[in-house]
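Shown next, in structure tokens, is the structure this report addresses.
Per chain, numbering begins at 1; letters A, B, ... match sequence-line order. The analysis underlying the following values was restricted to heavy atoms, covering all of them including side chains, and did not include hydrogens, waters or symmetry mates.
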Amino acid sequence: MSKSSRWDSTENESKHLPIYRHKAKLVQAVEGSTFLVVTGETGSGKTTQLPQYLHQAGMCRNGKIGITQPRRVAAITVAQRVAQEMQCTLGREVGYQVRFDDCTSQDTVVKYMTDGCLLREILADPVLSQYSVVILDEVHERSLNTDILLGLLKKMFSDPAKSTKGRSFPLKVVVMSATLETDKLSAFLGGCPVFAIPGRTFPVTCTFGTAVGPKDVESTGYVKEVVRMALDVHTSELAGDILVFLTGQSEIERACDLLFEKAESIDYRYDVQDQTVEGLLILPLYGSMPTDQQRQIFQPPPSRIRKCVVATNIAATSLTINGIKYIIDSGFVKQLNHNSRVGMDILEVVPISKSEAEQRAGRAGRTSAGKCFRIYTKEFWEKSMPEYTVPEIQRTSLTAVVLTLKCLGVHDVIRFPYLDCPEERFLLEALKQLYQFDAIDRRGKVTQLGELMVEFPLQPGLTRAVLKGSSLGCQDLLLPLAAMLSVENIFIRPGNPEKQKEADKKHRALATKSGGMNDFATLLSVFQLCKSSDRPSAWCKDNWIHWRALKSAFSVETQLREILLRLQQKRDFPVETFDGNKSELFRRCLCTGYFTNVARRSVGKVFCTMDGNGSMVNIHPSSSLFDQEADLNWVIFHDVLVTSRVYIRTVCPIRYEWVKDLLPKLHEVDVYELSSVARQEVTDEEMIKWETREAAKRQPEVSTEDIVKKLEKRNNETSVSDARARYLQRKQQRQQSKAL
DNA sequence: TCAGTGCTG
């Protein structure tokens, strides 16, 4: 195809997009106001067209147009598409930037990027002086980084002196979202105009089931029901592919086995109404699946065969499968939620929100009208499913976010303009952790260490261990380890029991090879063994290791190494010496980052955490320390898993002396003391007033009594009441001594 | 006594 004909075809295509008729008015709207909310369903063309319109209107004269996406693939594929439409080489006028992949140049004026990338840019250039327009896309997904960007951009303009300082031309901000909650967005941005673009999707009829009601939230009986319904659709509905939503790998494998078993016994001569369907092709789909296997999903099925994809939430936003006409929705999802009791993020199965259910249904209406079968009852919909998914910022650990904000000069992180405020205790917990890691001081100011820490794309504790390693000259141990701990799980554990045994055996052998008794050392050893192997991918396959995860660990390690080198050139790093063996050196470094995760043997095999909560935890059976008796009184651990019990995973033994001096820091401050640092002072009345205000925003009918009850319950749950009592007692003592 | 939804710098 010649260049001009390709241009013609894409240009013609883009003229048929719903957005095209609004071109002039849209450009006018962007020019006419600082903030603009643009709404439109999938298929309206806003992501690809709006930047081009603004470019044509000459809005790149002074600076770039930056468009953020919550996901890497989206940023890359959209940039490719737009470069093609604008007839330019990708990386010149149109480019993209994601982690590990910067495809931009001096000429780039339309830049697609992940929201995390723009946040990094703000750290280096707080007024975004290179941009004339910033477009936040997919805001309705409410990703953590997008939410932070929203607040930062709002804040930039609430202080005019600051927003223009360092800028020679005005900045325009466009916020793009699906039609949900646009009034809220507009109100948040000072009542800015809203521009609505009609979408281009097909109707999807939804039906409710009879099997899963509000009482079944805890059970996993829905797998069977999902299978039954998929077969029902297969034997009674016209041609068209099926997409089933479940929560995780093991469920998907189970469902596929069941489906396969049942589909085999269908007599297609009599049972299937539409005689053009004569078979069922069952395809699992989840994130940790090998990429080439994932690709099979996109191939059209053989003629007369119906495709049935059984997927996790990956199929809700990240991947689009053509030809889907039927959705089977289990109504559940796995979600990472912050748990105050263990002070960590924990993965759990929860009911999806109504808006999420609608998004799942919408996957059936992309090319023609579709049907969505929900296995849960109308009652479940009404009683157990929330209206909207709780945004990430209200669900996850905020430690890294708070450090980023502090480094951006946002001292009062509680009064930062959040679209939805995180719970105050989550913010206080983050402050407490940063204080414990010496990233901020008692007054909440970022320390020199904190300024170094913010540069690393790692959890703060891990960064601290890396920095300790660097000052002790053993970064070659800590950098690979940090990389291994920040990529997805690397150990493959298949569903088939035979193969499971084989995999477990290989993994145990790897642990023994690294000296045993230390799961951190095993990870390091896997990294080193694979890296030095002649055929790393074959090595992985042989040892039941995810090659893709290891490859990304290699890239992360390189990136971390570069950051460390850059910082070492810029600043003076402390140099320490240590005489002792390598294993002790390694573990001592780990202790500086994991002293918040110390546990001590309590009774039998049960350990007790030292973080003030004193939770009882067990060593997970996958650990090389499971079943080890000797000399195991103190351990540190990387993460917590809550299933039948509370398990700690990735564990290694330490000596009490190594953390003795660090542990007091865990009890030095309590959240209430920190809250008086973060804001002026908090009294009971204020706390109740504040809670009432927050609750009123969400649910107007909630009374103050409810809040008091809720506070009491929460205090009991998190043993905050004890901390508060201690704090009040100390405060009283201070006042008394002052009076004397 | 037993397990890793999905993103991201």
Exercise. Would you call the rings of A:W381 and A:Y376 parallel, tilted or perpendicular if under 30° counts as parallel and over 60° as perpendicular?
Worked result: parallel

Exercise. Once the angle between the rings of A:F416 and A:Y418 is folded into 0 to 90°, is it parallel (under 30°), tilted (30 to 60°) or perpendicular (over 60°)?
Worked result: perpendicular

Exercise. A:D519 CG to B:dA3 P: how many Å, rounded?
Worked result: 16 Å

Exercise. In whole Å, what is the span from the CD1 atom of A:I619 to the P atom of B:dA3?
Worked result: 16 Å

Exercise. Base, sugar-phosphate, or nothing: which does A:Q559 touch, judged by heavy atoms less than 4.0 Å apart?
Worked result: nothing

Problem set entry | Rounded distance in Å - CD (A:Q359) to C1' (B:dG6) | 12 Å

Exercise. Reckon A:L641 touches a base, only the sugar-phosphate, or nothing at all at heavy-atom distances under 4.0 Å?
Worked result: sugar-phosphate

For this session: Indicate, with a heavy-atom threshold strictly under 4.0 Å, whether A:R493 touches base, sugar-phosphate, or nothing.
Result: base

For this session: Could you tell me whether A:Y222 and A:F245 have their ring centroids closer than 6.0 angstrom?
Result: no

Exercise. Any idea which of B:dG6, B:dC7, B:dG9 is nearest the A:R120 side chain?
Worked result: B:dG9

Problem set entry | Side chain of A:R72 (C-beta onward), nearest among B:dG6, B:dC2, B:dG9 | B:dG9

For this session: Counting heavy atoms from C-beta on, name the nucleotide in B:dT1, B:dT8, B:dG6 closest to the side chain of A:F626.
Result: B:dT1

Exercise. Nearest-Å distance, CD1 (A:I148) to C1' (B:dG9)?
Worked result: 14 Å

Problem set entry | Minimum-distance nucleotide (side-chain atoms of A:P457 versus B:dG9, B:dT5, B:dT8) | B:dG9

Exercise. Between B:dG9 atom C1' and A:L560 atom CG, what is the distance in whole Å?
Worked result: 11 Å

For this session: Check whether any side-chain N or O of A:R649 sits under 4.0 Å from OP1 or OP2 of B:dA3, and answer yes or no.
Result: no

Exercise. Under 4.0 angstrom, heavy atoms only, what part of the nucleic acid is A:L144 near: base, sugar-phosphate, or nothing?
Worked result: nothing

Exercise. Are A:R72 and A:D101 within salt-bridge range, i.e. N to O under 4.0 Å?
Worked result: no

Seminar exercise, completed: The answer to which of A:M453 and A:L347 contacts DNA chain B further toward the 5' end, by nearest nucleotide, is A:L347

For this session: Could you work out which one of B:dA3, B:dG9, B:dG6 sits closest to the side chain of A:H620?
Result: B:dA3

For this session: Kindly point out which of B:dG9, B:dA3, B:dG6 is positioned nearest to the side chain of A:T312?
Result: B:dG6

Exercise. Within the structure shown, what part of the strands sits under 4.0 Å from A:S318 by heavy-atom distance: base, sugar-phosphate, or nothing?
Worked result: sugar-phosphate

For this session: From the options B:dG6, B:dA3, B:dT5, select the nucleotide whose nearest atom is closest to the side chain of A:D504.
Result: B:dA3

Exercise. Rounded to whole angstrom units, what separation is found between the CG atom of A:D115 and the P atom of B:dG9?
Worked result: 8 Å

Exercise. When we call it a touch if two heavy atoms are under 4.0 Å apart, what does A:Y647 touch: a base, just sugar-phosphate, or nothing?
Worked result: sugar-phosphate

For this session: Just call it for A:F456: base, sugar-phosphate, or nothing, with non-hydrogen atoms closer than 4.0 Å on any strand.
Result: base

For this session: Would you mind reading off the distance between A:F245 atom CZ and B:dG6 atom C1', rounded to a whole angstrom?
Result: 12 Å

Exercise. What is the distance, rounded to the nearest whole Å, between atom CD of A:E251 and atom P of B:dT5?
Worked result: 9 Å

Problem set entry | Test: A:D420 and A:R142 ion pair at under 4.0 Å | yes

Problem set entry | Out of B:dT1, B:dA3, B:dG6, whichever nucleotide has its closest atom nearest the side chain of A:L336 | B:dG6

Exercise. Of the nucleotides B:dT1, B:dT8, B:dT5, which one has an atom closest to the side chain of A:T114?
Worked result: B:dT8

For this session: Inspect the contact between A:R561 and A:E557 and indicate whether a charged nitrogen and a carboxylate oxygen are less than 4.0 angstrom apart.
Result: yes

